[in-house]
Amino acid sequence: MPAVTEEQVELVRALVAAIPSGRVSTYGDIAHAADLSSPRIVGWIMRTDSSDLPWHRVIPASGRPAPHLATRQLERLRAEGVLAVDGRVRLAEYRHTF
């Protein structure tokens, strides 16, 4: 577990909650917006505290969801109008900026 303050956790949660439907953000985008040292911290927070958030709108910088989440994540994104090509979300088209 990384050394993360409650304020950092709440900021990451607020940023994820602010991603609008039909848009995505990367772990790195969120880390940058939250002034965190690593996207991995965002990943850790998302793994431990995101069940009530639009977690499916957060993707790796590659645009390709993790294999164990890909089907469910891409289905949720598709329902919001975010289309993937060959399993990859086109960040240039769908990326949210904070």
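One is the number of the first residue; the rest follow in order along the sequence. Remember, it's a predicted structure, so these values are computed and weren't measured experimentally.
- The salt bridge (Lys or Arg N to Asp or Glu O under 4.0 Å) contacts involving residues 45-61 comprise Arg13-Asp49, Arg13-Asp52, Arg57-Glu80, where partners must be two or more places apart or lie in separate chains.
- Trp55 and Leu77 fall into different hydrophobic clusters, where Ile, Leu, Val, Met, Phe, Trp and Tyr residues are linked whenever their side-chain heavy atoms come under 4.5 Å apart, directly or through other members.
- Interatomic distance, CE of Met46 versus OG of Ser51, reported as 10.0 Å (0.5 Å rounding).
- Smallest separation of non-hydrogen atoms from Ser25 and Ile30: OG-CG1, 3.6 Å.
- For the atom pair Leu15 CG and Leu36 CG, the distance stands at 9.0 Å (nearest 0.5 Å).
- Gln73 places no side-chain N or O within donor-acceptor distance of the main-chain N or O of Arg64, the cut-off being under 3.5 Å.
- Taking each heavy atom of Pro60 and Pro65 in turn, the nearest pair found is CD-CA, 4.1 Å.
- In terms of the ring-ring contact (aromatic ring centres under 6.0 Å, His included) criterion, residue partners of His96 (sequence neighbours excluded) are, by chain and number, Phe98.
- Side-chain heavy atoms closer than 4.5 Å link hydrophobic residues (I, L, V, M, F, W, Y) into clusters, and following such links, even through other members, never connects Ile19 to Val82.
- Remark: side-chain polar atoms of Arg23 are paired, donor with acceptor, to backbone N or O of Arg95 under 3.5 angstrom.
- The nearest pair of heavy atoms linking Ala61 to Leu91 is O-CD1, 3.3 Å.
- Of the inter-residue distances, the one linking Ile59 atom CD1 with Tyr94 atom OH reads 11.0 Å to the nearest 0.5 angstrom.
- Taking the side chain as every heavy atom from C-beta outward, Thr26 and Pro39 never approach each other to under 4.5 Å.
- Taking each heavy atom of Pro54 and Val16 in turn, the nearest pair found is CG-O, 3.5 Å.
- Residues Leu83 and Arg90 are in side-chain contact: their nearest non-hydrogen atoms beyond the backbone lie under 4.5 Å apart.
- No donor-acceptor pair closer than 3.5 Å links the side chain of Ser50 to the backbone N or O of Leu53.
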